[in-house]
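Computed from a prediction, not measured in an experiment: that's the story for all the values here. Note: hydrogens, waters and symmetry copies are ignored here, and every other heavy atom, side chains too, is used. Here is the naming used below: chain letters follow the sequence lines, and residue numbers restart at 1 for every chain.
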Amino acid sequence: MLKTGSKFLFALAGFGFFAAVVYAAGTSHHTLGMDAIVGPLTFGYKGYVGEHSGYTILMSLSAAALFLGIFLSALRDADPEAEAQVLGLETVPDAVVPNSVNYWPVVAGFSVASIVVGLAIGSTMFVIGLVGLTVTTVEWAVRAWSDRATGDVEVNRAIRNRLMYPVEIPGLAILGVGGFVLAISRILLALPKLGSYLVFGLVPVAIMAVGALIVLKPKLSQSVIAGLLLAGGLAILAGGIVAATAGEQKPKEEHKTESGSQGDSGLRPLGAPSAAVVEVGHR
Amino acid sequence: MAVIDTPPETVHAASESATVIPRAQPTGLAGVLGSGDHKVLGRLFIITSLLFGLAVVALGQGFAVEGLAPKTLDVFSADTVFQFFTFFRVATVFLLALPLVIGVAFVVVPLQVGAPALAFPRAAAASFWGWLLGSGLLIASYAMNGGPGGGSTKGVNLWIAALALVVGAIVLAAVSLATTVFALRTPGLTLDRAPLFAWSVLVASIMWLVTLPVLFGLLVLMYVDHRHGGTSFGANAGLYSRLLWVFRNPQIYTVAIPVLGFAADVLATTARTRIAPRFAAQGAIGAFGIVGFGSFFVAATPDSGAYDAAIVMVIGLAAVLPVLAIGGLAGDLFRRGSFRLTAGALYAVSSVLILLLGVAAGALGSLPRLDTAGTVFDLGVTNGVVLASIIASLGAVHWWATKIGRQPANESIGRLAPLVLLLGSAAVVIPDLISGLAGDGAETRLDWTGGIQGLNVIVVVGAALVGLGLLAAMVSLLPILKAGTDVEADPWEGQTLEWLAPSPPPLANFVAPLPVVMSAEPLLDLREEK
């Protein structure tokens with residue numbers, strides 16, 4: 001027996017088919033006759049089909065809705081009683097309530113946003129986003145598995161940590177240090193000379209300050225950590241956009257003096273090796 | 001043992017050796033960022049879309065003011081006006097109307113179907129963060145001189161990619177919502193017994209699922225084309241005309257499908273009677289969804305002639321019937337029931353009236369002889385439908401305030417807001433329809449304002465009223481942010497399951513297992529038995 005959900009999908013399928021035929025016939029710019037009707041009905045094998053994109057989309061809608069309608073009809077609108085029957089249970093199990101904190105959706109959001117910025121601006125952001133998305137996929141999958149490992153939330157967390165800490169801690173260290181060094185090098189390249197002196201001086205001070213903070217207050221609240229991560233994510237995206245707008249600082253060309261012997265740096269360029277160069281190693 | 005099962009020794013080892021210290025549920029920023037609770041995610045969608053909404057309304061007011069005297073009042077410079085115009089149209093749908101509906105649905109739908117959570121709660125969370133960041137990047141792309149008509153190649157690329165992210169996030173939210181209604185209903189709640197708002201959200205989600213991927217695909221093609229010289233879709237300005245189908249009827253109707261479900265649920269409850277015949281209401285909502293399928297215009301530009309096809313006229317005329325049917329069923333409720341004047345009912349009536357105005361205008365505009373393509377008539381239809389959706393969503397937040405927030409909303413200001421919004425919306429929409437019929441169009445003017453100047457005075461007043469109405473609605477909702485004591489679970493004598501949940505609902509929504517549902521109005525049954 002057809003139920004409410006499948007009826008809706010069959011109606012959608014019927015609409016798609018009818019609309020496809022009318023649309024294809026109406027946009028074919030030929031005299032309305034058998035060819036204009038047979039064309040849409042035979043997917044263009046015989047006769048004419050007008051505007052192809054719209055026709056294809058409408059026919060695809062019809063096929064997709066028909067498939068879903070049949071599927072839903074077989075499952076009796078996914079009624080709980082039908083689901084339980086399919087699962088071989090008396091009642092369907094309750095849906096799992098997400099009762100623990102999980103930051104991976106936010107990380108996934110930032111990763112995809114980073115990919116978007118990278119697609120528009122440059123490959124670095126794209127790679128950052130891709131790495132983020134890969135890590136998210138792995139972590140999310142492990143988390144989904146461990147959340148269902150036992151009925152105890154704390155035991156599940158312990159199982160997850162036992163599996164992932166040996167990978168996460170070294171991985172984070174490598175990513176953290178490498179990413180930090182890379183980021184600072186990019187900043188130094190983008191800044192003018194005075195700015196780079198300042199950054200070069202301030203960064204070690206900042207590292208020192210963060211180290212001192214960790215020693216003084218080893219257990220930060222989750223909100224502070226979340227806030228720092230959020231600010232970091234936003235800084236990466238904003239940095240990407242600003243870098244694209246401002247561009248990388250290009251090294252200035254050296255002004256040649258009249259004699260051509262000295263550049264701006266005051267260093268004498270190396271001359272061509274003279275004939276009196278002593279060669280070693282050949283006897 | 002299946003490969004995904006945990007080996008017993010691992011469980012044992014973890015239980016034995018690890019120091020298992022139960023953690024308290026995090027609050028504050030950690031609780032927000034890491035939450036998969038549908039109520040938290042819904043609130044986030046609602047608050048952020050309303051904040052974007054204030055900016056969108058202000059922008060709309062700017063265009064209305066410029067329309068008063070386009071030659072002298074230069075609100076937007078000639079270089080940027082087209083970008084502001086496209087931002088206004090994109091943001092109205094993707095940063096305000098759709099996320100606002102999704103936010104309400106995220107909170108209300110699981111409660112209505114008796115589920116303890118949304119289906120795929122983490123994917124739902126990812127959809128919010130993806131949408132928020134995509135919206136931010138969309139705005140940033142305009143700031144970089146991007147968007148349709150923009151001068152920066154990188155900015156235009158970012159606009160296309162960011163819009164694709166926003167669309168992808170909305171599709172993810174639609175998957176979560178549709179699966180919740182299909183698969184997480186409580187025993188006995190067959191789909192024909194599902195509350196009409198949940199049913200309308202299901203229909204809307206399916207329509208978003210079958211149409212928005214087409215937009216996503218189009219954006220991918222645009223991106224590839226633009227990266228390689230932009231020859232297939234025209235120059236930067238040409239991108240907008242390829243996306244117009246999203247903002248025109250019939251596709252724009254998909255944004256307003258939940259309006260009908262909201263109105264039917266709220267009016268039946270305020271009239272203290274059952275909507276009958278129920279299958280007619282469900283059928284009307286389903287039919288309105290079906291005629292909202294408009295992505296087959298993906299290749300159509302305003303001058304392509306595709307909009308003159310017979311099917312457009314059929315759809316345009318057919319779309320009026322479901323709205324009229326819901327209007328008729330509502331009239332029957334007023335006749336049979338004992339009606340109460342509540343803010344929710346006023347919101348419901350206002351939204352249905354504005355939607356009727358929008359779809360009736362859409363039907364008129366589908367007649368090829370009137371030749372309204374490219375005029376502000378289209379803008380009027382879109383504004384009408386989108387404003388109906390926004391009014392209904394604001395009404396839904398007001399109606400389900402104790403489930404979405406912590407306390408009931410302010411009822412007296414809440415009754416004023418829909419009336420101001422109704423007047424404002426009518427004043428915004430009707431002059432544009434008249435100007436459009438006279439052949440005046442945004443696309444025909446350099447300043448992208450459109451409209452007959454004399455009538456534009458009414459548009460300015462209307463835009464101001466819409467802004468005031470939005471502010472009034474937001475002020476009426478402020479109490480819901482404050483913690484309350486002994487908040488009533490069912491302040492409206494509700495008929496459906498969400499009113500069984502405490503206010504505000506706990507993490508798993510219901511404190512006791514729900515009994516098997518035997519009708520579409522289980523709470524009304526309980527009251528009648530007493």
Side-chain angles (χ1 to χ4, degrees), chain A residues 3-5 8 11-12 15-16 19 22-23 26-27 51 53-54 57-58 61 64-65 77-81 83 91 94-99 101-106 108-110 112-113 116-117 119-121 140 145 149-150 154-155 158-159 161-162 222-223 225-227 230 237 241 244-245, chain B residues 4 6 10-11 14-15 18 20 22 26 28-31 33-37 115-117 119 121-122 125-126 129-130 132-134 137 140 144 154 157-158 161-162 165 182-187 190-192 203 210 214 223 282 286 290 293 295-300 306 309-311 507-508:
Chain A
K3 300 192 90 179
T4 311
F8 169 72
L12 189 59
F15 164 82
V22 176
Y23 184 71
T27 53
E51 201 276 297
S53 306
I57 287 168
L58 283 165
L61 166 76
D77 270 5
D79 282 343
E81 294 81 4
E83 279 184 51
T91 54
D94 280 341
V96 179
V97 179
N99 55 1
V101 167
N102 190 334
Y103 296 117
W104 292 111
V106 187
F110 272 100
V112 179
V116 162
V117 175
L119 280 171
I121 284 160
W140 200 327
W145 161 74
T150 69
E154 297 304 325
V155 172
I159 290 170
N161 292 348
R162 179 176 272 261
Q222 282 204 43
S223 286
I225 297 167
L230 184 68
L237 290 181
I241 294 170
T245 315
Chain B
I4 56 164
T6 312
T10 310
V11 177
S15 314
V20 179
L29 190 59
L33 286 176
S35 180
D37 183 9
R122 302 302 181 194
W129 295 108
L132 183 66
L133 292 167
L137 292 176
M144 286 172 65
K154 284 179 178 174
N157 284 339
L158 184 62
L165 174 55
F182 268 132
L184 295 188
R185 298 192 309 277
T186 193
T190 52
L191 210 48
D192 57 325
V203 171
V210 293
V214 179
Y223 173 79
Q282 279 192 317
I290 289 172
F293 185 84
S295 62
F296 57 99
F297 285 127
V298 70
I311 192 70
L507 183 66

Rounded to the nearest 0.5 Å, what separates atom [atom1] in [X] from atom [atom2] in [Y]?
X	Y	atom1	atom2	value
B:Ile290	A:Phe8	CD1	CZ	5.0 Å
B:Gln282	A:Thr4	CD	OG1	5.0 Å
A:Phe110	B:Leu132	CZ	CG	8.0 Å

Checklist outcome for this item: Closest heavy-atom pair, A:Pro98 versus B:Gly36, reported as atoms and distance to 0.1 Å, is CG-O, 3.2 Å
Checklist entry - Any idea which heavy atoms bring B:Tyr223 and A:Ala120 closest together, and the distance? => result OH-N, 4.2 Å
Side chain from CB out, backbone as N, CA, C, O: work out which of these in [X] comes under 4.5 Å of a heavy atom of chain A, or both, or neither.
X	answer
B:Ala125	both
B:Pro121	side chain
B:Leu33	both

Checklist entry - Who pairs with A:Asp77 by salt bridge (Lys or Arg N to Asp or Glu O under 4.0 Å), at least two apart in sequence or on another chain? => result none
Next on the checklist: A:Ile57 vs B:Val298, test: side-chain contact (heavy atoms from CB on, under 4.5 Å). Steps then yes/no.
Outcome noted: CA-CA 9 Å; A:Ile57 287 168; B:Val298 70; 3.2 Å; yes
Contact part of [X] toward chain B, heavy-atom cut-off under 4.5 Å: side chain, backbone, both or neither?
X	value
A:Trp140	side chain
A:Leu61	side chain
A:Ala64	neither

Item to check | Stepwise side-chain contact (heavy atoms from CB on, under 4.5 Å) test for B:Phe293 and A:Leu58 | outcome: CA-CA 9 Å; B:Phe293 185 84; A:Leu58 283 165; 3.7 Å; yes
Next on the checklist: Applying ring-ring contact (aromatic ring centres under 6.0 Å, His included), can you list everything that pairs with A:Tyr23, at least two apart in sequence or on another chain?
Outcome noted: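 For A:Tyr23, the residues satisfying ring-ring contact (aromatic ring centres under 6.0 Å, His included) (neighbours in sequence not counted) are B:Phe296.
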Item to check | Charged N-O contact under 4.0 Å between B:Asp192 and A:Lys3 | outcome: no
Next on the checklist: Let's test your reading of the structure: which of B:Leu184, B:Val210, B:Thr190 forms the most heavy-atom pairs below 4.5 Å with chain A?
Outcome noted: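 Ranked by contacts with chain A, first place is B:Thr190.
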Item to check | Contact winner vs chain B - A:Val117, A:Val112, A:Leu230, A:Leu119, heavy-atom pairs under 4.5 Å | outcome: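 Of the candidates given, the most pairs with chain B belong to A:Leu119.
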